[in-house]
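Below: one structure, written as structure tokens.
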Amino acid sequence: MDGSFDKQSRLPLLILLASLFLVVFGEMGRGRVELKRIENKINRQVTFSKRRNGLLKKAYELSVLCDAEVGLIIFSSRGKLYEFASAGMSRTLERYQRSCYNSQDSNLTVADRETQSWYQEVSKLKAKYESLQRSQRHLLGEDLGPLSIKELQNLEKQLEGALQQARQRKTQIMIEQMEELRRKVLQYMILRRSS
């Protein structure tokens, strides 16, 4: 033999080398994580936070890179809501519901259509209720973590406007109370002079 290999003898050698490469270098990465509940509360919270942020980032990237309408809803174990919607959550949910109902059998009875209509209405109201709850939490300074700079600036403007209105109303009430007090003092002075 002249030291060269024919194609048939090279194939098993290549498979062996590839297998060896995977065995040696395949374990250099992180490896697989066993999917089970993390018992340590702190580690579980840290993992949740990191993976949540990664998932939200991936959803955003998917929407930008692929021009896709993406909606992501996450509830923590404590019930906190985290969400991302590239076109607004209400719009995305409505589109999802329309898609689900359009794909169903078109031979529905009138009662079934009415039930679906009520279900859609309830779903819209539920989404609006959750959106209002989220807005209320934001106004109270809670759950601000997932908000972007722009959303935080809008929230700040809302709070400044509300504070200004509250101060104006307080000033108006104080002026009205002072006028009422002056009127009572004048009445008292008139009654005192006449007696």
Subject >> In one Ile/Leu/Val/Met/Phe/Trp/Tyr side-chain cluster, 4.5 Å: Phe75, Met89 >> reply: yes

Original post:
With distance as the sole test, does Ser123 use its side chain to make a donor-acceptor pair with the main-chain N or O of Tyr119 at under 3.5 Å?
Top reply: yes

**OP:** For the pair Glu94 and Arg91, find out whether any cationic side-chain nitrogen is under 4.0 Å from an anionic carboxylate oxygen.
**Re:** no

Subject >> Backbone of Gln45 reached by a side-chain donor or acceptor of Ser49 within 3.5 Å >> reply: no

Original post:
Does any donor atom in the side chain of Gln172 or Arg169 lie under 3.5 Å from an acceptor atom in the other side chain?
Top reply: yes

Original post:
Is it the case that one hydrophobic cluster holds both Leu56 and Leu62, taking links as side-chain heavy atoms less than 4.5 Å apart, direct or via other members?
Top reply: yes

Original post:
Going by an N to O cut-off under 4.0 Å, is there a salt bridge joining Lys80 and Glu142?
Top reply: no

Original post:
Does Leu159 share a hydrophobic cluster with Leu144, counting links as ILVMFWY side-chain heavy atoms below 4.5 Å and allowing steps through other members?
Top reply: yes

**OP:** Output yes when Arg95 and Glu69 qualify as a salt bridge under the 4.0 Å nitrogen-oxygen rule, no when they do not.
**Re:** yes

**OP:** Would you please test Phe84 and Ile74 for side-chain contact (heavy atoms from CB on, under 4.5 Å) and show each step?
**Re:** CA-CA 9 Å; Phe84 169 78; Ile74 304 169; over 6 Å; no

Original post:
Between Arg192 and Met189, is a side-chain contact (heavy atoms from CB on, under 4.5 Å) present by the stated rule, with each step listed?
Top reply: CA-CA 5 Å; Arg192 187 147 179 168; Met189 290 175 71; 5.5 Å; no

Original post:
Is a side-chain donor or acceptor of Ser63 paired with a backbone partner of Tyr60 at a separation under 3.5 angstrom?
Top reply: yes

Original post:
Can you tell me how far the CG atom of Leu72 sits from the CD atom of Glu83, to the nearest 0.5 Å?
Top reply: 9.0 Å

Subject >> Results of side-chain hydrogen bond (donor to acceptor under 3.5 Å, both in side chains) for Gln153 - residues two or more places apart only >> reply: none

Subject >> Hydrophobic cluster membership, Leu147 vs Tyr82, 4.5 Å side-chain cutoff >> reply: no

Original post:
So, Glu179 and Arg182, do they make that salt bridge, N to O below 4.0 Å?
Top reply: yes

Original post:
Under a single-linkage definition using a 4.5 Å side-chain heavy-atom cutoff for Ile, Leu, Val, Met, Phe, Trp and Tyr, are Ile38 and Val46 assigned to the same hydrophobic cluster?
Top reply: no

